[in-house]
Amino acid sequence: MARPKSASHELKRDEILDIAAQCFADRSYPAASMNDIAAALGTSKARLYHYYSSKEAILFDLLDRYTQRLLALIGQVEATAQRRSLDDRAALHELVRNFLQEYETSATRHVALLHDTKFLAAEADAKPGQVPALSQRELILNRQRDVVSAVTRFLRRAYPQRVNAANQTALAMMLFGMINWTFTWLRPGGAMSYAAFAEQVIGVLEHGLAAG
């Protein structure tokens, strides 16, 4: 039986992913190398290979964990709304606040999700005679689609008189357009906090979509 991985092993992986995400954001994924990541970690490339077999493996684990985190966040908001008996509009507002709270500490991971998913393997491995599983790229893209679908559902419930089948995709992408690129301009400790910006986004939704 294989020996279970220790808690310190997982902590080391988290540290590697933090540093790798920063390297990808600073240098771009194609330009960053295993040598760069190892140097930023203050370790050897050989030791880095003990945890990950390649730069591609690091990218997939990074995006795999991050997209799972975003989906878990949606589930947490739904549970909170149920526990606190929030109405649908308040639940959407809570989701906006939670997304921006996450983005404040996950900027480099979010950069990787937006810019680097295209570098994941597009073909899945399969043994002869077996149907291949989803490729790494398709797995991450499907999770992104699940996030968009969930946010669309929140929007339709929150503003049923204004959001419909004809405009729901455009309105969901409008919301993502407001929050997804905060890493390019919104800085922790700056003139506006992420929490304050969340309230600005909620105000735009209220003024634009609340029924007259």
Just how far is it from atom [atom1] of [X] to atom [atom2] of [Y], taken to the nearest 0.5 Å?
| X | Y | atom1 | atom2 | result |
| --- | --- | --- | --- | --- |
| Ser54 | Leu59 | OG | CG | 9.5 Å |
| Tyr51 | Leu17 | OH | CG | 12.0 Å |
| Asp87 | Leu92 | CG | CG | 10.5 Å |

List the atom pairs, donor and acceptor, that lie under 3.5 Å between side-chain atoms in residues 70-86 and the rest of the protein, sequence neighbours left out.
{"residue": "Glu78", "atom": "OE2", "partner": "Arg153", "partner atom": "NH2", "Å": "3.0"}
{"residue": "Thr80", "atom": "OG1", "partner": "Gln76", "partner atom": "O", "Å": "2.9"}

| How would you list all residue pairs meeting ring-ring contact (aromatic ring centres under 6.0 Å, His included) that involve residues 186-205, not counting sequence neighbours? |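 Only Trp185-Phe197 qualify under ring-ring contact (aromatic ring centres under 6.0 Å, His included).
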
| task | Can you tell me which residue pairs pass the salt bridge (charged side-chain N to carboxylate O under 4.0 Å, His left out) test with a partner in residues 182-199, sequence neighbours excluded? | result |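 Qualifying pairs, neighbours excluded: Arg97-Glu199.
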
| request: Sequence neighbours left out, what pairs pass salt bridge (charged side-chain N to carboxylate O under 4.0 Å, His left out) with at least one residue falling in residues 33-50? | output: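 Matches after skipping sequence neighbours: Arg27-Asp36.
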
Side-chain donor-acceptor contact under 3.5 Å, [X] with [Y]:
| X | Y | value |
| --- | --- | --- |
| Gln22 | Asp26 | yes |
| Tyr159 | Glu206 | yes |
| Asn164 | Gln168 | no |

| Audit row: Glu56, Phe119, side-chain contact (heavy atoms from CB on, under 4.5 Å) steps and yes/no | CA-CA 8 Å; Glu56 292 77 10; Phe119 296 114; over 6 Å; no

| Ignoring hydrogens and geometry, is there a side-chain-to-backbone donor-acceptor pair from Arg137 to Ala121 under 3.5 Å? |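 Such a contact is absent between Arg137 side chain and Ala121 backbone.
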
| message | For a side-chain contact (heavy atoms from CB on, under 4.5 Å) check, start with the C-alpha distance between Leu209 and Leu155, then their side-chain angles and the critical distance, and finish with the verdict. | response | CA-CA 9 Å; Leu209 295 177; Leu155 272 168; 4.0 Å; yes

| said: Which heavy atom of Ala196 sits nearest to which heavy atom of Met192, and what is that distance? | reply: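 Looking at all heavy atoms of both residues, the closest pair is CB-CG, 3.9 Å.
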
| Cluster link Leu141 to Val147, ILVMFWY, side chain under 4.5 Å |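 In one cluster with Leu141: Val147, no.
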
| task | Using the salt bridge (charged side-chain N to carboxylate O under 4.0 Å, His left out) rule, take Arg145 and Glu138 through it: C-alpha gap first, then chi angles, then the decisive distance, then the call. | result | CA-CA 10 Å; Arg145 294 175 186 122; Glu138 195 62 24; 2.9 Å; yes

| So Tyr103 and His110, would you call those rings parallel, tilted or perpendicular, with 30° and 60° as cut-offs? |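 The arrangement is tilted - the two ring planes meet at 30° to 60°.
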
| field | From CA spacing to verdict: side-chain contact (heavy atoms from CB on, under 4.5 Å), Phe60, Lys55 | value | CA-CA 9 Å; Phe60 176 67; Lys55 182 177 70 168; over 6 Å; no

| request: Starting from Phe183, walk the hydrophobic network (Ile, Leu, Val, Met, Phe, Trp, Tyr; side-chain heavy atoms closer than 4.5 Å) and list everyone else you reach, by chain and number. | output: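 Via sub-4.5 Å side-chain contacts, Phe183 links to Val111, Leu114, Trp181.
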
| message | Consider side-chain contact (heavy atoms from CB on, under 4.5 Å). Of Leu63, Thr67, Leu62, Asp61, which one does Arg65 pass it with? | response |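 Result for side-chain contact (heavy atoms from CB on, under 4.5 Å) with Arg65: Asp61.
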
| request: Test the Arg143-Tyr66 pair against the cation-pi criterion, namely NZ or CZ under 6.0 angstrom from the six-membered ring centroid and within 45° of the ring axis. | output: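 Here Arg143 fails the 6.0 Å and 45° test against Tyr66.
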
| message | Would you say CD of Gln101 has more than 12 non-hydrogen atoms from neighbouring residues, nucleotides or ligands within 6.0 angstrom? | response |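 No, not enclosed.
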
| request: Could you walk me through whether Arg109 and Asp18 pass the salt bridge (charged side-chain N to carboxylate O under 4.0 Å, His left out) test, one step at a time? | output: CA-CA 8 Å; Arg109 282 170 164 76; Asp18 282 341; 2.6 Å; yes

| request: Start with the C-alpha distance between Val201 and His93, add both sets of side-chain angles, then the distance that settles side-chain contact (heavy atoms from CB on, under 4.5 Å), and finish with yes or no. | output: CA-CA 9 Å; Val201 172; His93 299 170; over 6 Å; no

| request: Report the residues that fulfil ring pair (Phe, Tyr, Trp, His ring centres under 6.0 Å) with Phe154, sequence neighbours left out, ordered by chain and then residue number. | output: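 With neighbours one apart ignored, the set is empty.
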
